[in-house]
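Structure first, commentary second.
Both ligands and their constituent atoms are indexed starting at 1 by order of listing. The residues of the chain are indexed from 1 along the displayed sequence.
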Amino acid sequence: MGFPKNFLWGGATASTQIEGAYNEGGKGMSTLDYVTYKTKEERNDDISSMDVTYDQYLSYLKNDEGINFPKRRGIDFYHHYKEDIKLFAEMGYKVFRLSISWPRIYPTGLEDEPNEEGLKFYDDVFDECHKYGIEPLVTMIHYEIPVTLADKYNGWESRKLIDLFEKYVKTIVDRYKNKVKYWITFNEINMMQASAYTGGGLFLERSPLDKLNCEFQALHHQFIASSKAMAYVHEVSPEAMVGCMINRQEVYPETCNPDDVLCALKDDQFNLFFMDVMARGGYPSFMNRYFRENNIHIQMEEGDKELLAKHTADFVAFSYYMSFVASADPSKAQVLGSFIRPLKNPYLKISEWGWPVDPVGLRITLEKIYDRYQKPIFVVENGLGAKDVLEDGKVHDSYRIDYLRQHITAMKEAVEDGVDLLGYTSWGCIDLVSAGTSEMSKRYGYIYVDLDDQGNGTGERIRKDSFYWYKKVIASNGENLE
Ligand code: BG6
């Protein structure tokens, strides 16, 4: 009973949120290097703060003096990776999830030869992990693409991106096949719904297609690219495992009115559709009606369906932060895929950023997903974004410990119900720049990083109370959660 002996405990990050050094080591500019910091009032609780318009991009090219681009800074992991990985090792990590920055390997995406300095950086990072017996779990693409590809091809709208991505994937899989055993192709492939720019490198206003057609076309290209990447890992590194990933949105009906229940089912299908394509190997039939009613026509090429069917994920992975409520009442109905203003669930507390905290939802999701796919699961993101206070060199983050304790307990229950769970990498294991809001002050880590939203601070790493707590959790394989 309890977690399996070889359970992979660890933490998760992404290149644009930690690395910094945006113009060092031969790296090219990434789409996320152009996302600016906005105050809460400027964001107005709107996910569009992750978007950049083409006009904005052009204006930043002309002059970016004095503009705050937090994802260019990250937490300077590029120069601190040894110190950071040492701290992960001190906590007892078995796995560290990170992503490779495509523009660090192919600065514009168009070069014939990769950037050796970029490749060497990840060699060093992986070697450092292995020094402590930590397995890297590598996301091939965590949103960002070389910005040149957004400018020249309108990102994933163009089928050309499939070949360019394939070139990049072959380079990294060939290079790291002896160092990486766990891969994820796309981070949260459903992010396109929330932000076309972040999820797809799309400037929607430049497309001849309407929003939905443009997004679903881009998504189809991502599905094909993901399938090809899976095929390549299987061919070159047969002992490795390659997974797919979504942002999981567990949905409850607001009432037991069958109309609400149906509405929740439809929202749920819409979230699982992304995983269905990559784990089951094709577009589920329930999407046909959605495509028809929304006048969506995806251009597919011969062989696409066969490719999707042939190369599927070895494991399914997801991020889980909160659950959602669906209502058939149109005045309440939430926009599909919106995770910025979820309907209020009266049974749940919300975080400082308004995200409902629902550990039982994680158990429900694990059991549902295992029933549906019968493939091993990896929870690759989960955690509490909160404001931390540094007092006398310490951070007493009991609220984070409570959150994690409840979610780990929920996972344990699911494991005892028979769910095949490979591991758990909680999000932002070291404080990092938020993807959604570009704030540093929305902290998830076990390790405090002394930097603020403007990038001021020493960058010093400080162990929080949760650091010592997670160390005990790992040492006891999830038995000691006190
Ligand atoms: C996931 C992303 O959606 O959520 C991460 O994969 C992100 O990149 C995380 O950081 C938490 O979201 P946020 O907006 O709090 O950073």
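If you number the atoms of ligand 1 from 1 as listed, the ones under 4.0 Å from a heavy atom of Ser434 come out as 13 (P), 14 (O), 15 (O), 16 (O). Close approach of ligand 1 to Asn187 (heavy-atom distance below 4.0 Å) involves ligand atoms 6 (O). Set against the non-hydrogen atoms of Tyr444, the atoms of ligand 1 under 4.0 Å away are 11 (C), 12 (O), 13 (P), 15 (O). For ligand 1, the atoms sitting less than 4.0 Å from at least one non-hydrogen atom of Gly436 are 13 (P), 14 (O), 16 (O), numbered in the order shown with element in parentheses.
For Lys86, the side-chain contact (heavy atoms from CB on, under 4.5 Å) partners two or more places apart in sequence, or in a different chain, are Tyr132. Every ring pair (Phe, Tyr, Trp, His ring centres under 6.0 Å) that Phe3 has, sequence neighbours left out, goes to Phe7, Trp9.
Between Met191 and ligand 1, no pair of N/O atoms sits closer than 3.5 Å. At under 3.5 Å, a nitrogen or oxygen of Ala435, whether backbone or side chain, sits near a nitrogen or oxygen of ligand 1. Polar contact check, Glu188 against ligand 1: a nitrogen or oxygen pair lies under 3.5 Å apart.
Under the 30°/60° scheme for interplanar angles, the aromatic rings of Tyr106 and Tyr168 are found to stand perpendicular. A perpendicular orientation is assigned to the rings of Tyr424 and Tyr470, their planes being inclined by more than 60° (bins at 30° and 60°).
For the salt bridge (Lys or Arg N to Asp or Glu O under 4.0 Å) with Arg400, the qualifying choice from Asp388, Asp431, Asp465 is Asp388, the only one to do so.
Ring to ring, Tyr321 and Trp353 are not that close: their centroids are 6.0 angstrom or more apart. Ring centroid separation for the pair Phe121 and Tyr78 comes in under the 6.0 Å cut-off.
Closest heavy-atom approach to atom 12 (O) of ligand 1 within the set Trp427, Tyr143, Tyr321, Trp355: this belongs to Trp355.
Ligand 1 does not have Tyr320 within reach: every non-hydrogen atom of the residue lies 4.0 Å or more from it.
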